[in-house]
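Data first, discussion second: the structure below is written as structure tokens.
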Amino acid sequence: MRFTRRRAVQMLAAAPVAGLAVRGGGAVAFQDASPAASPAASPVASPMAGPVALNYTGSLNWYQFGYTPGGGTVASRLADEAVAAFQQMYPGVTVNIVGVPFEGGQQTLDTALAAGGNDAPDVFRIASDRLIKYVDEGLAAAIDPYMSEADRADIYPNVLAGVEVDGQHYAWPLWVPPVGVYLNPEIFAEKGVALPGDDWTYDQFRQVAQQLTFQRADGTQVFGFASAIQPDIINVWAFPYADGGRVLSEDGNQYTFDSPEAVSGLQKLTDLALTDKVTPPEFGNQMLADIVAAFKDQKSLAMYLGASGDIGTYVAEDVPFEVRPMPIGATGEHVTVGGLGTFAVRQQEDADRLAAAMAFGRFLTSPEVAAAVPGYFLAPPARRSIPIAEDNPAMQKFGEMVAYTQLMPQTPVWGQVSSAVNAQIQGAVTGAVSPQEALELAGQEIEPLLGG
Amino acid sequence: MARALPLEQITATRPSGRRTRWREYRTGYLFVLPSLAMFVIFLFGPVIWSLLLAFQDASLTRREWNGLDNFRTLIGDRVFRKSLVNTAIYTAVTVPVHMLVALILAGMMKPLAARWQTFFRAAYYLPAVTSVVILATVWRWMFNPRFGAINQLLDLGPVAWLSRPNLALWAVILSAVLTIPAAGVVMYSAAMGSIPEDLYEAASLEGAGAVRQWWDITIPLLKPTSLYLIVMYTIWAFEVFERVYIMTGGGPAYATTTIVQLIFDTGFRDWDYGIASAQAIVLFVLVAMVSAVQFRLFRSEVEY
């Protein structure tokens with residue numbers, strides 16, 4: 001869809017008029033929007049905001065992963081439309097989208113940030129678990145002076161906490177991809193197994209996985225369950241979390257994943273692999289792409305853990321699939337793990353440019369962009385006021401998970417924590433070490449780094 | 001008869017030695033200048049910079065001298081020790097096998113007609129011009145426990161080569177040694193072609209058989225080539241990265257983590273450039289020590 005001036009006018013007419021407040025250093029903040037003007041469907045006051053006065057005229061640099069000029073991909077097209085919408089609101093500001101590849105692009109972004117200068121990123125995508133490093137290095141600016149009370153009320157509290165460092169918030173939360181379970185309904189039907197309800201328990205999940213592990217007449221081996229376990233993928237941590245385990249203490253200074261609750265959860269995961277043998281033989285070092293291929297192409301995988309990112313692929317390729325929450329564990333409640341996609345704004349001395357970058361960062365996560373660019377949100381939005389399309393039931397399911405999603409804690413050594421735990425989980429699910437030993441070994445690596 | 005000029009007059013009328021040399025070689029210096037500049041900017045400079053970083057607590061934007069702290073950290077780092085062991089095993093197995101395979105293949109090519117030698121050199125060199133990423137991806141599929149070629153060929157059932165901590169490193173090594181050592185074949189083949197035939201003729205007249213000729217003539221005269229190859233293969237083996245990164249990502253449970261992969265993660269994932277540089281310095285010292293031993297063992301006074 002092309003963003004036109006007419007559409008901008010419609011959008012702005014629907015949005016409550018917002019004024020502006022100037023707080024220290026000339027920074028411009030969004031004023032509260034009128035709750036009375038919020039759309040009826042919104043569960044909270046809409047923080048829809050019109051354009052604010054900016055003292056900046058010029059260009060901003062937006063470093064975006066996976067972007068290719070000309071709308072070569074869906075995400076690229078959406079990025080182009082979002083920029084067009086923003087530029088309609090702010091004719092004096094031009095946004096240059098700098099595409100960086102997913103593979104190796106992080107280094108490009110980091111180098112550009114460190115180099116600074118006029119070509120440095122003003123706004124950039126960052127996962128919340130890496131955010132603290134950018135804050136520590138003075139590369140991310142606090143968004144608090146630019147965040148209205150309506151914004152605060154609109155963003156899920158657990159999500160807003162995910163971008164908090166030392167009492168300040170340092171990125172605009174975009175979306176939350178919680179980990180859920182993808183089901184292949186064709187395999188369920190093939191074995192006459194009923195699709196589970198949302199409140200299924202681990203025992204029910206285990207039973208289903210056993211029932212769906214079988215060999216077809218043509219020799220194809222079908223497995224009940226799989227999940228990627230790689231250094232930076234936390235999907236299987238949902239098992240220890242479901243039993244009450246947490247990787248670090250709340251202040252992030254202590255390793256706590258060797259608790260009985262976490263060991264219990266990991267034991268459940270290893271049982272699937274070693275006792276029930278419902279996982280493929282390569283489980284433990286299986287690549288995510290191979291899992292998706294087994295699910296949608298080879299039809300040899302009944303269930304796997306994943307975030308909402310795969311929905312687009314399955315819809316586009318007309319692959320039948322269902323989504324369910326993680327099975328309920330020992331806590332008796334729904335619990336899952338997830339990441340948090342955010343837009344951070346580079347700390348810079350030019351207050352006017354910083355304000356403009358903040359306006360753009362906020363816009364990219366706002367109800368305004370949702371209204372201007374249909375289909376913009378590829379994962380459950382971080383704001384309550386942004387509805388998930390009703391014709392996307394799978395995304396609706398993921399959206400329901402956001403409220404109880406456990407985001408990963410903020411620690412400067414997150415990369416090492418994630419890598420160490422996953423390496424030892426690999427050892428546990430392949431039988432090299434017991435779950436207890438695995439989580440203790442991870443602790444031996446992590447504790448010296450935390451300095452708690 | 002020419003009269004000798006006094007020294008003062010000579011120095012007054014002729015440019016100094018240094019200036020003469022500059023005038024004489026100026027064109028040459030200018031020719032090598034671009035290459036020298038590239039070497040200094042992109043190789044020598046970064047090496048020195050890395051050396052300095054190894055003694056600093058360095059992140060993306062901050063640096064602070066911390067003496068030998070980074071090296072002390074490495075001594076206590078279990079993953080670093082594991083990566084050293086993995087890299088040493090990989091090197092100890094792949095280098096001799098590559099040398100031997102290259103020697104045997106080059107030896108088998110030697111009696112062939114020139115055009116067939118050319119054909120085989122080109123064929124064997126093909127893997128060298130193929131991206132390691134592609135080779136590693138293919139090998140990852142070949143090791144797939146359910147439909148990979150390895151299990152199908154060996155009829156072993158669903159052996160999870162890359163997902164078992166006790167097998168993964170050996171699977172990676174197998175993928176490396178089963179890739180033809182292209183540079184070795186080509187260099188040995190060229191070196192064998194330059195050994196004077198009269199040496200073999202003389203040995204034949206003396207009654208030496210093929211094996212004796214191979215052992216007493218070919219092998220000793222290939223020593224300079226062997227030295228070059230063993231040093232290069234050792235360096236390449238110590239620096240293994242893409243193959244592991246693609247096939248196993250360093251897992252499972254650090255079973256295939258190598259030093260260079262750890263340097264990559266430490267530097268670019270964790271922004272801990274001080275530790276990463278210290279790891280690189282350790283790698284440099286190890287390679288230098290092994291190369292020094294190899295130079296000592298393989299050095300040859302024989303020229304032909």
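Please read these numbers as outputs of a predicted model, since none were measured by experiment. Below, chain A is the first sequence line, B the second, and so on; all start at residue 1.
- Highest contact tally toward chain B, considering only A438(A), G427(A), A420(A), P412(A), is held by A420(A) [criterion: heavy-atom pairs under 4.5 Å].
- Only the backbone of I246(B) comes within contact range of chain A, with at least one heavy atom under 4.5 Å from a heavy atom of that chain.
- Looking at F143(B), neither its backbone nor its side chain comes within 4.5 Å of chain A, counting heavy atoms on both sides.
- Looking at V159(B), neither its backbone nor its side chain comes within 4.5 Å of chain A, counting heavy atoms on both sides.
- Taking every heavy atom of both residues into account, A432(A) and P165(B) meet most closely at CB-CG, 3.8 Å.
- Shown here is Y228(B), whose OH atom has no more than 12 heavy atoms of other residues, nucleotides or ligands within 6.0 Å.
- Heavy atoms of other residues, nucleotides or ligands lying less than 6.0 angstrom from CZ of F44(B) number 12 at most.
- With a threshold of 4.5 angstrom between heavy atoms, A428(A) does not approach chain B through any atom at all.
- In this structure, no portion of I425(A) lies under 4.5 Å from any heavy atom of chain B.
- Within a 6.0 Å sphere centred on CZ of F284(B), other residues, nucleotides and ligands contribute 12 heavy atoms or fewer.
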List, with distances to 0.1 Å, the donor-acceptor pairs found between chain B and chain A - the cut-off being under 3.5 Å and no angle criterion applied.
residue, atom, partner, partner atom, Å
S59(B), OG, E137(A), OE1, 3.0
S59(B), OG, E137(A), OE2, 2.6
T61(B), N, E137(A), OE1, 2.9
T61(B), OG1, E137(A), O, 3.4
T61(B), OG1, E137(A), OE1, 2.4
R62(B), NH1, D136(A), O, 2.5
R78(B), NH2, L441(A), O, 3.3
R78(B), NH2, E445(A), OE2, 3.4
R140(B), NH1, D290(A), OD2, 2.8
R146(B), NH2, E282(A), OE2, 2.7
L162(B), O, N285(A), ND2, 3.0
S163(B), OG, E282(A), O, 2.7
R164(B), NH2, P281(A), O, 3.1
T248(B), O, N285(A), ND2, 3.2
A253(B), N, Q426(A), OE1, 2.9
Y254(B), OH, E445(A), OE1, 2.7
Y254(B), OH, E445(A), OE2, 3.3
R269(B), O, R130(A), NH1, 3.2
R269(B), NH1, S419(A), OG, 3.3
D270(B), O, K133(A), NZ, 2.8
W271(B), NE1, D110(A), OD2, 2.9

